[in-house]
J.: 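Let me give you the structure first, and then I'll get to my questions.
Numbering of ligands and ligand atoms starts at 1, following listing order.
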Amino acid sequence: MDYTVLTIFPELFDAFWAHGIVRRALTQGQVTAGAINIRDYAAGRHKVTDDRPYGGGAGMVMKPEPLAAAIDAAREKSPEAMTVMLTPQGRKFDQAMAGELSREGGLILVCGRYEGVDERICGDQIDLEISIGDYVLTGGEVAAMAVIDAVTRLIPGVLGNADSARQDSFAQDLLEHGHYTRPPSFNNESVPQVLLSGNHSAIEQWRREYSLVKTFLKRPDLLEERSLDETELEILKKWRNDIESIIRSKS
Ligand code: 4FV
């Protein structure tokens, strides 16, 4: 996977490339990455990349020419890459999309600044518009980092144990079960006994139950969109029965 980010602040990515899973993927060679400074493609002595909006209004707009030239240069460097614009008007980024993008050969990530980029850029030069959420950032860089981070950990071999990606939150469109580590007691709260039992099928069952019930309690919307297999239906039925017996005993 090759990442090329187009930005007027390439230095923002220096620390990002140099830490954690992204750094490991770079050093292990599963990923190559670089930033292109859009300002290097701006004309004139002042290398201006923004201008006032036609029709008036607050703020500035990113000029089309430097951005178009930077995109052409990036595409020359990575012809097979998919060109992505980070924008609030894009398709909502989620784990499924991260999985799809992790199978691409390369991504060119276009980071806008100011009020946005000239609309004429969004035509044939952009393959996909992505939004990381319904709020307005001051720049696309943070969104690009979120996409690169979520995609990189799904690239085969990047995460030490392939399992961990499979057990992800949202990998089964469920929230992840609770995680516990030493010490065995913290704030007078002990670790669930089953996790100390060494009984792996019981641990697996506990984790599935925890994940399902946590999703029901915190993100019921995820259950609405998702089918439930036999085991999961049994888990919810057991919970329903337990709740009904409490209600019966209390009423
Ligand atoms: C954004 C988002 C986002 C809009 C104007 C950058 C800003 C500025 N990108 N998901 N939400 N971008 O707010 O991806 O150019």
Side-chain angles (χ1 to χ4, degrees), residues 1-17 20-22 31 33-43 46-75 78 81-102 104 106-154 169-170 219 221-222:
M1 167 66 84
D2 175 65
Y3 298 118
T4 305
V5 288
L6 304 188
T7 169
I8 61 171
F9 296 130
E11 61 282 1
L12 262 180
F13 290 84
D14 296 346
F16 180 68
W17 305 133
I21 299 285
V22 172
V31 162
I36 287 181
N37 190 335
I38 298 165
R39 210 176 283 294
D40 296 346
Y41 295 83
H46 301 296
K47 295 197 167 299
V48 172
T49 57
D50 64 325
D51 202 341
R52 286 177 298 105
Y54 276 121
M60 301 294 270
V61 176
M62 194 170 256
K63 288 171 62 60
E65 313 95 315
L67 199 43
I71 292 172
D72 289 347
R75 282 184 145 173
S78 331
M82 173 188 278
T83 306
V84 172
M85 168 70 76
L86 289 307
T87 167
Q89 67 193 35
R91 259 182 61 196
K92 194 63 74 58
F93 186 61
D94 61 11
Q95 193 67 10
M97 191 191 289
E100 287 160 32
L101 295 177
S102 70
E104 288 292 327
L107 297 177
I108 295 168
L109 299 128
V110 182
C111 306
R113 276 272 153 180
Y114 321 111
E115 298 313 307
V117 308
D118 186 290
E119 195 68 13
R120 292 165 288 183
I121 283 291
C122 301
D124 58 359
Q125 286 202 293
I126 301 295
D127 301 315
L128 175 67
E129 292 184 319
I130 294 179
S131 170
I132 63 166
D134 297 340
Y135 40 81
V136 181
L137 303 167
T138 61
E141 288 81 4
V142 169
M145 290 178 192
V147 170
I148 292 169
D149 190 288
V151 168
T152 298
R153 60 189 298 285
L154 297 177
S169 270
F170 307 109
R219 289 291 309 278
D221 57 298
L222 292 173

J.: Any idea which protein heavy atom is nearest atom 7 (C) of ligand 1, and the distance to it?
T.: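 I find the closest protein heavy atom is Leu137 O, 3.3 Å.
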J.: Distance from Cys111 atom SG to Met145 atom CE, nearest 0.5 Å?
T.: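 It comes to 8.0 Å.
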J.: Any side-chain heavy-atom pair from Val147 and Val84 closer than 4.5 angstrom?
T.: no
J.: Decide whether the shortest distance between a heavy atom of Val142 and an atom of ligand 1 is less than 4.0 Å.
T.: no
J.: Would you mind listing which atoms of ligand 1 come within a distance below 4.0 Å of any non-hydrogen atom of Gly139?
T.: 6 (C)
J.: Could you list which atoms of ligand 1 come closer than 4.0 Å to a heavy atom of Ala143?
T.: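 Once the distances to Ala143 are compared, the set is 9 (N), 14 (O).
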J.: Return the closest protein heavy atom for atom 10 (N) of ligand 1 as residue, atom name and distance.
T.: Ile132 N, 3.0 Å
J.: Output the distance between atom OG1 (Thr7) and atom CG (Leu86), rounded to the nearest 0.5 Å.
T.: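 Atom-to-atom, Thr7:OG1 and Leu86:CG are 10.5 Å apart.
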J.: Among all protein heavy atoms, pick the one closest to atom 5 (C) of ligand 1 and tell me residue, atom and distance.
T.: Tyr114 O, 3.5 Å
J.: In Å, rounded to the nearest 0.5 Å, how long is the span from CG of Asn37 to CD1 of Ile8?
T.: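 Answer rounded to 0.5 Å: 8.0 Å.
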J.: Would you mind listing which atoms of ligand 1 come within a distance below 4.0 Å of any non-hydrogen atom of Gly116?
T.: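 Listed by number with element, the hits are 15 (O).
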J.: How long is the straight-line distance from CD of Glu100 back to CD of Gln95, given to the nearest 0.5 Å?
T.: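 Rounded to the nearest 0.5 Å, the CD-CD separation comes out at 11.0 Å.
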J.: Return yes when atom OH of Tyr54 has more than 12 non-hydrogen atoms of other residues, nucleotides or ligands closer than 6.0 Å, and no otherwise.
T.: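 Open.
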J.: Suppose I only count heavy atoms of Tyr135 and a 4.0 Å limit; which atoms of ligand 1 are within that range?
T.: 11 (N), 13 (O)
J.: Is it the side chain, the backbone, both or neither of Asp134 that has a heavy atom closer than 4.0 Å to ligand 1?
T.: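 No part of Asp134 is near ligand 1 at this cut-off.
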J.: Please list the nearest protein heavy atom to atom 12 (N) of ligand 1 with its residue and the distance rounded to 0.1 Å.
T.: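 Checked against all protein heavy atoms, atom 12 (N) of ligand 1 sits closest to Pro88 CD, 3.7 Å.
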J.: Please list, in number order, the atoms of ligand 1 under 4.0 Å from a heavy atom of Val136.
T.: 13 (O)
J.: Does the N or O separation between Arg113 and ligand 1 drop below 3.5 Å for any pair?
T.: yes
J.: Rounded to the nearest 0.5 Å, what separation is found between the OH atom of Tyr3 and the CZ atom of Phe16?
T.: 8.0 Å
J.: Just jot down the ligand 1 atoms closer than 4.0 angstrom to any heavy atom of Gly112, in number order.
T.: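 Matching atoms, with element in brackets: 15 (O).
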J.: Taking the side chain from Asp118 and the backbone from Lys63, do they hold a donor-acceptor pair closer than 3.5 Å?
T.: no
J.: Rounded to the nearest 0.5 Å, what separation is found between the CZ atom of Arg113 and the CG atom of Leu137?
T.: 9.0 Å
J.: Should you measure from each heavy atom of Gly133, which atoms of ligand 1 turn up under 4.0 Å away?
T.: 11 (N)
J.: Where do Val48 and Ala42 come nearest, in terms of heavy atoms and distance?
T.: O-CB, 3.4 Å
J.: Does Ile71 reach the side chain of Ile126, with side-chain heavy atoms less than 4.5 Å apart?
T.: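 Yes, at least one pair of side-chain atoms sits under 4.5 Å.
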J.: Does an N or O from Gly140, backbone or side chain, lie closer than 3.5 Å to an N or O of ligand 1?
T.: no
J.: Need the ligand 1 atom indices (1-based, order shown) with element for anything under 4.0 Å from a heavy-atom of Leu86.
T.: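 So the answer, numbered in order with elements, is 9 (N), 14 (O).
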J.: Would you mind telling me if ligand 1 is within reach of the side chain of Ile130, the backbone, both or neither, using heavy atoms under 4.0 Å?
T.: backbone
